[in-house]
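So that the names make sense, note that chain A is the first sequence line, chain B the second, and so on, each numbered from 1. Bear in mind that the values here come from a model prediction, so they are computed numbers and not experimental data.
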There are 2 protein chains.
Amino acid sequence: MSFRTHLESVVNQVDGALACSVMGFDGISVETFQKDEAVEDLDLSGAWVEYANLLTQLKNAAEALKTGAVTEVSINSEKVLTIMRLVSPEYFLVLALSAEGNYGKGRYVLRVTAPKVRAEL
Amino acid sequence: MSFRTHLESVVNQVDGALACSVMGFDGISVETFQKDEAVEDLDLSGAWVEYANLLTQLKNAAEALKTGAVTEVSINSEKVLTIMRLVSPEYFLVLALSAEGNYGKGRYVLRVTAPKVRAEL
């Protein structure tokens, strides 16, 4: 099973999903699956590069804290919900949902998909 | 109603809540309500100062994006779930839950509490 199959499966399982990517902490997308009707006017890839940068800082910050390793970060704006889940020290999964999307299902599906993606890295 | 009453109400409504604060983007807590049994060994205030710093960057990043203003950020580690909700350009609410806490209820209660806190700023 390729990365893309996993990403397509995530997007198809979650109501309101717009796109799902495997990204490196350098902000470069390894693979992306985006719904056909997904909003062209949302600069998702631009947002994700910024988020990757912030995640890197968070990982470093978390090491100095006692709250344990950061496993999931979510950044929600008026139009888009974004859930990021760490896959390995180098890569993370990111899922974008419309503001009305099924957020709880999105978190769940990313949690179960992360180990499958990790196995292929 | 004081800030503290709102914060106490949030903590009491959400299963697994550890503490709730009103914080400035400078990382300084305006007011905090913490459960008596809340974990001394978790350096929550240290974590929140780091998170405030990251939130500030996010606010700035979001202005350059098309996904609309950032309203909520969540940073989840192995031991602690943290939900932050913007109250005003200067302040945000932060809620810490144990990893088994009721995350969905936490998001909901912060969303309805934010306007009440804003009214008192």
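At a threshold of 4.5 Å between side-chain heavy atoms, the hydrophobic network of Ile, Leu, Val, Met, Phe, Trp and Tyr places B/Ile28 and B/Leu95 in two separate groups. A/Tyr108 and A/Leu97 end up in the same hydrophobic cluster when Ile, Leu, Val, Met, Phe, Trp and Tyr side chains are linked at under 4.5 Å.
Ranked by heavy-atom pairs under 4.5 Å with chain B, the list A/Leu81, A/Ile83, A/Thr71 is led by A/Thr71.
Screening residues 72-92 of chain A for ring pair (Phe, Tyr, Trp, His ring centres under 6.0 Å) gives A/Phe25-A/Phe92 as the qualifying pairs, with residues at least two apart or on separate chains. The salt bridge (charged side-chain N to carboxylate O under 4.0 Å, His left out) analysis of residues 4-19 of chain B, with sequence neighbours excluded, yields the pairs B/Arg4-B/Glu31.
Once rounded to the nearest 0.5 Å, the distance linking OG1 of A/Thr82 with CD of B/Glu72 reads 11.0 Å. Between the CD1 atom of B/Ile75 and the OG atom of A/Ser74 there is a distance of 10.0 Å, given to the nearest 0.5 Å.
With a threshold of 4.5 angstrom between heavy atoms, A/Arg85 does not approach chain B through any atom at all.
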Take B/Arg107 and A/Asn76 through the test side chain to side chain contact (heavy atoms under 4.5 Å, CB included) and record every step on the way to the result. CA-CA 11 Å; B/Arg107 287 184 71 212; A/Asn76 302 329; 3.8 Å; yes
